[in-house]
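The structure appears right after this line, and notes come after that.
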Amino acid sequence: MKFAFFDTKPYDRQSFEAIAQNSGIRFKYYETKLNEDTVDLAHGCDGVCVFVNDTVNAAVIDRLCEMGVSMIALRCAGFNNVDVRYAFGKIHVFRVPAYSPYAVAEHAMAMLLTSIRRIHKAYIRTRDFNFSLNNMTGFDLHGKTVGIIGTGKIGRVFIDICRGFGMKVLAYDKFPAKDLDNGDTIRYVELDELFACSDIISLHCPLTEETYHIINEETIAQCRRGVVLINTSRGALVDAEALLAAIKSRHVGAACLDVYEEESDFFFEDFSGHILEDDILARLISMPNVIVTSHQAFLTNEALANIAETTIDNILRFSQTGQCPNEICYRGGVTEDCRSGKCF
Ligand code: NAI
């Protein structure tokens with residue numbers, strides 16, 4: 001089997017080649033992202049392997065089908081970049097539902113601690129032999145309230161980490177877990193209460209029509225002055241313009257962003273030496289209380305190995321049995337993983 005592998009980075013190639021040997025799958029690696037202009041690179045392939053910033057819209061799906069490409073293997077969990085409704089019945093789409101919730105949750109805490117204890121500033125100061133502590137005062141996490149939106153795999157690991165720091169948890173989820181709320185240190189609440197009572201808010205829900213810009217001018221106004229926002233989920237959960245305004249007005253105390261709404265134009269690439277065309281991103285990065293990492297939260301050895309293993313397993317299972325539990329189905333307005341394997 002032959003797969004066109006888009007948006008390849010050296011670490012992807014390394015982890016996939018380590019596992020693909022003897023699998024019968026040959027990956028043809030392309031650095032370019034998949035979109036309408038590059039889709040023809042998949043000519044002669046059985047499938048494509050894509051990541052978070054590849055474009056899998058109707059035009060791309062149509063062209064893949066015309067070329068006889070029958071599989072889209074996502075090497076990520078989120079699938080907001082795939083028109084799953086359009087793909088249904090035309091092409092098979094698999095994903096990697098979990099590869100390391102620890103990687104993302106630990107990165108969220110790393111960003112939070114860096115931000116509130118000014119580690120990013122201290123690192124630069126001491127390299128310059130500046131040992132002054134002026135303007136470095138942080139605050140304890142112990143006893144603070146963290147609001148978690150989305151209590152799935154990553155959200156729950158982040159809750160465990162926060163509880164380890166002695167924080168209280170206010171949680172919101174469209175589908176609350178039955179075993180999480182203990183009526184004391186971890187409580188499910190409505191979003192209004194979460195916004196009004198949290199010192200720190202961390203986003204761990206998927207990007208959907210409902211969650212698009214869940215952090216916006218109105219919801220930020222409901223938050224405590226000085227709130228710290230963490231987004232390791234998807235950029236478009238946050239209205240970046242509203243966030244920038246709230247940072248300028250000092251209403252938001254700090255922001256830790258691993259994702260950004262327009263990240264596909266910039267993230268994963270080296271733009272040093274170039275003029276950054278996105279004024280909002282440039283302004284956010286210029287703020288002393290904003291930390292931006294470029295969709296890095298997943299990037300651990302363990303996660304990369306799990307991604308390669310599950311992606312290859314998805315492809316092999318489907319080609320051998322015609323079924324794959326990680327196939328994404330869109331049935332009657334509901335998107336879900338295909339448990340029956342009889343989608344079409
Ligand atoms: P999950 O599917 O285990 O959990 C998502 C949770 O969000 C579920 O409990 C679900 O009920 C909840 N949810 C769905 N709609 C909601 C709504 N409208 N309001 C509130 N909650 C809602 O997913 P997991 O593995 O925890 O991942 C969470 C997100 O993290 C993914 O959707 C993805 O966007 C992001 N992610 C980011 C990575 C990075 O490198 N920065 C890597 C992996 C995932």
Side-chain angles (χ1 to χ4, degrees), residues 7 9 11-12 50-53 74-82 84 95-112 147-162 169-181 186 188-195 198 201-216 219 229-238 255-261 263-264 267-268 291-304 306-307 310-311 325-326 328 333-337 339:
D7 202 8
K9 296 288 177 276
Y11 46 80
D12 292 318
V50 301
F51 198 49
V52 291
N53 289 325
L74 296 171
R75 51 181 196 277
C76 52
F79 47 85
N80 52 284
N81 55 330
V82 181
V84 280
R95 69 171 183 143
V96 181
Y99 35 91
S100 174
Y102 309 103
V104 182
E106 288 171 16
H107 189 81
M109 181 49 86
M111 292 185 92
L112 175 60
I148 310 280
I149 302 182
T151 57
K153 291 176 285 295
I154 297 170
R156 289 188 74 139
V157 174
F158 192 65
I159 288 173
D160 284 346
I161 294 173
C162 291
V169 176
L170 296 179
Y172 172 80
D173 196 297
K174 192 173 174 191
F175 308 101
K178 290 195 175 70
D179 57 341
L180 189 62
D181 189 325
I186 305 174
Y188 273 114
V189 293
E190 290 304 317
L191 272 179
D192 288 351
E193 185 177 344
L194 185 147
F195 287 132
S198 299
I201 294 175
S202 195
L203 305 176
H204 298 290
C205 57
L207 175 62
T208 63
E209 280 164 20
E210 277 171 297
T211 59
Y212 175 79
H213 283 187
I214 193 167
I215 302 296
N216 57 44
T219 53
L229 179 74
I230 309 167
N231 188 6
T232 55
S233 253
R234 284 293 179 266
L237 295 174
V238 176
C256 307
L257 309 174
D258 186 51
V259 285
Y260 174 68
E261 188 162 5
E263 69 177 47
S264 59
F267 281 17
F268 308 133
I291 295 181
V292 175
T293 52
S294 56
H295 209 133
Q296 183 188 329
F298 75 100
L299 196 63
T300 64
N301 291 329
E302 291 79 0
L304 287 175
N306 287 340
I307 288 170
T310 307
T311 306
N326 295 329
I328 302 166
V334 181
T335 310
E336 57 186 50
D337 287 327
R339 298 284 157 213

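Atoms within each ligand, like the ligands themselves, are counted from 1 in listed order.
Which parts of ligand 1 touch Phe175 is read off a 4.0 Å heavy-atom cut-off, strictly below it: atoms 11 (O). For ligand 1, the atoms lying closer than 4.0 Å to a non-hydrogen atom of Val104 are 38 (C), 42 (C), 43 (C). Atoms of ligand 1 lying under 4.0 Å from at least one heavy atom of Tyr99, given by number and element, are 42 (C), 43 (C). Within ligand 1, the atoms closer than 4.0 Å to a non-hydrogen atom of Tyr172 are 19 (N), 20 (C), numbered from 1 in the order shown.
Of the protein's non-hydrogen atoms, the one nearest atom 4 (O) of ligand 1 is Gly152 CA, 3.2 Å. The protein heavy atom nearest to atom 13 (N) of ligand 1 is Pro206 CD, 3.7 Å. Residue, atom and distance of the protein heavy atom nearest to atom 5 (C) of ligand 1 are His204 O, 3.7 Å. Looking only at heavy atoms of the protein, atom 23 (O) of ligand 1 is closest to Lys153 NZ, 4.3 Å. Protein heavy atom nearest atom 33 (C) of ligand 1, with residue, atom name and distance: Arg234 NH1, 3.7 Å. At the top of the distance list for atom 37 (C) of ligand 1, counting protein heavy atoms only, stands Thr232 O, 3.1 Å.
Residue Lys174 touches ligand 1 through backbone and side chain together, judged by heavy-atom distances below 4.0 Å. Both the backbone and the side chain of Ile154 come within 4.0 Å of ligand 1, counting heavy atoms alone.
Side chain of Asn81 to backbone of Val52: a donor-acceptor contact under 3.5 angstrom is found. With hydrogens and angles disregarded, a donor-acceptor distance shorter than 3.5 Å links the side chain of Asn306 to the backbone of Tyr99. A donor-acceptor distance shorter than 3.5 angstrom exists from the side chain of Thr300 to the backbone of Ala303, with no hydrogens or angles considered. At distances below 3.5 Å, not a single donor-acceptor pair connects side-chain atoms of Tyr172 with backbone N or O atoms of Asp192. At distances below 3.5 Å, at least one donor-acceptor pair connects side-chain atoms of Asp258 with backbone N or O atoms of Gln296. Within the 3.5 Å criterion, the main-chain N or O of Pro206 finds a donor-acceptor partner in the side chain of Thr211. The closest donor-acceptor contact from the side chain of Arg95 to the backbone of Cys76 lies at 3.5 Å or more, if one exists at all.
Considering backbone and side-chain N/O of Phe298, one or more are found under 3.5 Å from N/O of ligand 1. By the 3.5 Å distance cut-off applied to N or O atoms, Asp258 is counted among the residues near ligand 1. For ligand 1, the polar-atom distance check finds an N/O of Asp173 within less than 3.5 Å of one of the ligand's N/O atoms. Any N or O atom pair closer than 3.5 Å counts here, and Gln296 shares no such pair with ligand 1. No N or O atom of Thr211 sits closer than 3.5 Å to an N or O atom of ligand 1.
Expressed to the nearest 0.5 Å, how far OG1 of Thr232 lies from CG of Leu203 amounts to 7.5 Å. Thr310 contributes atom OG1, which lies 12.5 Å from atom CG of Leu74 (distance to the nearest 0.5 angstrom).
A search for side-chain contact (heavy atoms from CB on, under 4.5 Å) contacts involving Lys174 returns Glu210, not counting sequence neighbours.
Atom 39 (C) of ligand 1 has its nearest heavy-atom neighbour, among Arg156, Glu210, Glu209, His295, in His295.
Ring geometry for Phe51 against Phe268 counts as tilted: the plane angle lies between 30° and 60°, on a 0 to 90° scale.
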Can you list, pair by pair, the side-chain donor-acceptor contacts under 3.5 Å of residues 101-109, counting residues two or more places apart and other chains?
unit_1 : atom_1 : unit_2 : atom_2 : d
His107 : NE2    : Thr293 : OG1    : 3.1

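Heavy atoms of Ser233 approach ligand 1 to within less than 4.0 angstrom. Using 4.0 Å as the threshold, Gly150 has a heavy atom nearer than that to some atom of ligand 1.
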